[in-house]
Amino acid sequence: MIGILSAFGAATSWTYACFIWRSQTQTYKSIDINLIKNIIAFLIFIPAFINLSSTTELKNIFILLISGIIGIGLGDTFYLKSLQTIGTRKTLSIETLSPLMAALSGEFFINENLTTKSWVGIIIVTVSLFIILRKGNDFKEENSSFTEKNNFKIFAFPFLSVLCAVLGGLLSRMVFLQSNLSPFLTTEIRLLGAIIFLISLKGFKINFFLKNIDKKQQKRFFISILLGTNVGIFLQQVVFKTLPIGVGWALLSISPVISLFFAKTEEREITKKIIFFTCFLFFGLTLIIL
């Protein structure tokens, strides 16, 4: 039960944070936003290193650092870049691939064989999410620098985001299966990996853009970091520790449904079809959970 509740909590935290981060992507580079949010989140969680003991295998630390580089360093940067270039709806449409990709990766790489009922549930969740997003034709999109004809650039960033996120999650799941490390500590190690990678990529130059925004926006940004990065990644790690990755990812992928609560902000109409497929999605989640 704790894994299920953590998944819903992580999805909620991430969704709220993304609405704040997206507004920043129109002014600042995705890599700068990702780096700053990770540095601040790392400093908040730095007491986690108290739990690091001499018995901790270096192999697991190395895997978690790689997980942070791929899942947070690359994955979040691609995600923010996708929000900036093609908007929320198109980005989330590609993100609907993540439950199936996670389930398949768990099956092939760590032998997490799901029941037929769980597979049916994952497929229902994936299809429902896709249809919910496709019904959002009135969903307000940001100005995009890419055209519909340029399919590669339209789909490259969100697809790479999904791929990196799933790989990062898979590596975390592998560590939890062979160690007793806490979600708190693994979150901090993953953040450290992402920071080292992003700072290196930036040539050790950090753009402290927070000083250029007003105090109200700074406060919103700090809240988004606390919820989306600290709480969000911590709860995500709890999910990876307690649930098979395919099941956990299906539960984590309900962000588009949660975003319906922001419909007024996004100028999106909640139609009967959206309500129907939202109910159908929860039916799929029920099959996965029970």
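Heavy-atom basis, side chains included; hydrogens, waters and symmetry copies ignored. Note that the coordinates shown come from a computational prediction; the quantities given were computed from them, not determined experimentally.
Distance check, rounded to the nearest 0.5 Å: OG of S172 to CG of N60 gives 11.0 Å. The CG atom of L170 sits 5.0 Å away from the CD1 atom of I245 when rounded to the nearest 0.5 Å. Atom-to-atom distance recorded for L191:CG and N38:CG is 5.5 Å, nearest 0.5 angstrom. Annotation: the span from T12 atom OG1 to I254 atom CD1 amounts to 6.0 Å, rounded to 0.5 Å. Separation of atoms CG (D76) and NZ (K81) is listed at 15.0 Å; rounding is to 0.5 Å. Atom CD1 of residue I123 and atom OG of residue S128 lie 11.5 Å apart, to the nearest 0.5 angstrom.
Atom CZ of F159 is surrounded by 12 or fewer heavy atoms from other residues, nucleotides or ligands within 6.0 Å. Remark: L58 CG is loosely packed, at most 12 non-hydrogen atoms of other residues, nucleotides or ligands lying under 6.0 Å away. Counting heavy-atom neighbours within 6.0 Å of L5 CG, excluding the residue itself, gives a total above 12. Summarising the local packing, NZ of K219 is surrounded by 12 or fewer heavy atoms from other residues, nucleotides or ligands at distances under 6.0 Å. More than 12 heavy atoms of other residues, nucleotides or ligands lie within 6.0 Å of CZ in F49, so this atom counts as buried by the packing criterion. Shown here is D214, whose CG atom has more than 12 heavy atoms of other residues, nucleotides or ligands within 6.0 Å.
For the pair Y16 and I223, the minimum side-chain heavy-atom distance is below 4.5 Å. In this structure, the side chains of I122 and L114 come closer than 4.5 Å at one or more pairs of heavy atoms. When side chains are defined from C-beta on, L235 does not count as touching V239, because their heavy atoms never get closer than 4.5 Å. Two residues are said to be in side-chain contact when any heavy atoms from C-beta on lie closer than 4.5 Å; F8 and L285 meet this criterion. Two residues are said to be in side-chain contact when any heavy atoms from C-beta on lie closer than 4.5 Å; N34 and K37 meet this criterion. Here the side chains of I63 and Q178 are in contact, with some heavy-atom distance below 4.5 Å. In this structure, K117 and I288 have side chains that are not in contact, with every pair of non-hydrogen atoms separated by 4.5 Å or more.
Between I110 and R173, the closest heavy-atom pair is CD1-CG, 3.6 Å. A pairwise comparison of heavy atoms in I70 and C164 identifies O-CB, 3.1 Å as the closest pair. Taking all atoms of both residues into account, the shortest heavy-atom contact from T77 to S30 is O-CB, 3.8 Å. In plain terms, the two heavy atoms of L65 and I189 that are nearest each other are CD2-O, 3.4 Å. Summarising the geometry of I196 relative to S200, their closest heavy-atom pair is O-OG, 2.7 Å, with the distance given to 0.1 Å. For the residue pair W119 and A103, the shortest heavy atom distance occurs at CH2-CB, 3.5 Å.
No continuous path of ILVMFWY side-chain contacts below 4.5 Å connects L52 to I50, so the two sit in separate hydrophobic clusters. Note on M1: it does not cluster hydrophobically with F240, by side-chain heavy-atom contacts below 4.5 Å among ILVMFWY residues. Both L43 and F197 are assigned to one and the same hydrophobic cluster, defined by single-linkage of ILVMFWY side chains at heavy-atom distances under 4.5 Å.
E188 places a side-chain N or O within 3.5 Å of a backbone atom of I46 that can act as its donor or acceptor partner. Here the side chain of K241 pairs a donor or acceptor atom with the backbone of L181 at under 3.5 angstrom. The closest donor-acceptor contact from the side chain of Q236 to the backbone of A10 lies at 3.5 Å or more, if one exists at all. Side-chain atoms of S224 come within 3.5 Å of backbone N or O of F221 as a donor-acceptor pair. For N230 (side chain) and A41 (main-chain N/O), a donor-acceptor pair under 3.5 Å exists by modelled atom type. Although no hydrogens or angles enter the test, the distance criterion places no donor-acceptor pair under 3.5 Å between the side chain of S161 and the main chain of F157.
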Go through the steps for V175 and K59 under the test side chain to side chain contact (heavy atoms under 4.5 Å, CB included), then give the verdict.
CA-CA 9 Å; V175 169; K59 179 184 72 172; over 6 Å; no
Determine, step by step, whether I124 and L281 satisfy the side chain to side chain contact (heavy atoms under 4.5 Å, CB included) criterion, reporting the C-alpha distance in whole Å, the side-chain angles of both residues, the deciding distance to 0.1 Å, and the verdict.
CA-CA 6 Å; I124 289 174; L281 178 144; 5.8 Å; no
Step-by-step side chain to side chain contact (heavy atoms under 4.5 Å, CB included) determination, L74 to L160:
CA-CA 8 Å; L74 286 172; L160 288 172; over 6 Å; no
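S253 and S98 form no side-chain donor-acceptor contact under 3.5 Å, judged by distance and modelled atom types alone. Using modelled atom types and a 3.5 Å distance limit, the side chains of T115 and S118 yield a donor-acceptor pair. Residues T186 and Q237 have side chains that bring a donor and an acceptor to within less than 3.5 angstrom of each other.
Note: F234 and F184 have perpendicular aromatic rings, judged against thresholds of 30 and 60 degrees for the angle between ring planes.
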